[in-house]
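The next block holds one structure in the form of structure tokens; read it before the comments.
The structure displayed is predicted, hence computed values, not measured ones.
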Amino acid sequence: MILSDFRFPSPMAAFGRLIPAPLANAPLMAMLELARRREWLTAPESLYGKTFQIGIEDLGLQLCFICEQGKFRPLPKTIQADVRLSALAIDFFKLASGMEDADTLFFRRRLKVEGDTELGIAVKYWLDASERPAWLTALGSKLATA
């Protein structure tokens, strides 16, 4: 199987939609906080006070958060986010590991950006410019060659 073709089975999305927002948000918030504390991911001031929604399509998850003074805080999934990013789980992994950049995913229609277009572009550039930890890049490389 080609890595780009990977998709979680549809029952996962049905299950994901049933998970309460605080529980669904917990892993993302933990990863963002760890990345912030290790200085792998430092939010620019242009993101302060902005709200975000991450939709992981094949897992049925809608993860919402706000950037407050460089820290990320969870929000209920019922908010109207300033910008919404949605893709399959594998595409978010590719983005996080540096296997593909946001523009490539966007132009291949694998990453959808809705809402404040200017903010969406700023987020794409910020993610592309952020340094990734070596272990994450190595994991992406191993999966790409598997």
I'd like a table of donor-acceptor pairs (distance under 3.5 Å, sequence neighbours excluded) in which one partner is a side-chain atom from residues 10-27, with atom names and distances.
residue	atom	partner	partner atom	Å
Asn25	OD1	Cys64	N	3.3
Asn25	ND2	Cys64	O	3.1
Asn25	ND2	Leu75	O	3.2

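Here the straight-line distance linking atom CG of Asp101 with atom NZ of Lys94 works out to 11.5 Å at 0.5 Å rounding. The line from CD1 of Ile66 to CG of Leu47 is 11.0 Å long, rounded to the nearest 0.5 Å. Atoms CD and OG, from Glu118 and Ser46 in turn, are 9.0 Å apart once rounded to the nearest 0.5 Å. Taking CG of Leu34 as the start and CH2 of Trp40 as the end, the distance is 5.0 Å to the nearest 0.5 Å. Rounded to the nearest 0.5 Å, atoms CE (Met99) and CG (Leu136) are 10.0 Å apart. Annotation: the span from Arg37 atom CZ to Thr42 atom OG1 amounts to 13.5 Å, rounded to 0.5 Å.
Between Glu68 and Lys71 there is no salt bridge, since no side-chain nitrogen of the basic residue lies less than 4.0 Å from a carboxylate oxygen of the acidic one.
Annotation: Glu114, atom CD; neighbour count of heavy atoms from other residues, nucleotides and ligands within 6.0 Å is above 12.
The salt bridge (charged side-chain N to carboxylate O under 4.0 Å, His left out) pairs that include a residue from residues 41-59 are Glu57-Lys112, where partners are two or more places apart or lie in different chains. Sorted by first and then second residue, the ring pair (Phe, Tyr, Trp, His ring centres under 6.0 Å) pairs involving residues 48-94 (not counting sequence neighbours) are Phe52-Phe65, Phe65-Phe72.
Side-chain heavy atoms closer than 4.5 Å link hydrophobic residues (I, L, V, M, F, W, Y) into clusters, and following such links, even through other members, never connects Val113 to Ile79. No single ILVMFWY cluster, assembled from side-chain heavy atoms under 4.5 Å apart, contains both Leu127 and Tyr125. Linking Ile, Leu, Val, Met, Phe, Trp and Tyr residues whenever their side-chain heavy atoms come within less than 4.5 Å places Trp135 and Leu41 in a single cluster. One hydrophobic cluster, built from ILVMFWY side chains closer than 4.5 Å, holds both Leu59 and Ile54.
Of all heavy-atom pairs between Ala43 and Gly70, the closest is CB-CA, 4.2 Å. Between Arg73 and Met29, the shortest heavy-atom distance links the atoms C-SD, 3.7 Å.
For the salt bridge (Lys or Arg N to Asp or Glu O under 4.0 Å) test with Glu100, the passing option among Arg108, Lys124, Arg110 is Arg108; the others fail.
You'll find the side chain of Asp91 stays beyond 4.5 Å of the side chain of Leu95, heavy atoms only. Annotation: side chain of Phe8 is not in contact with side chain of Leu88 (no heavy-atom distance under 4.5 Å).
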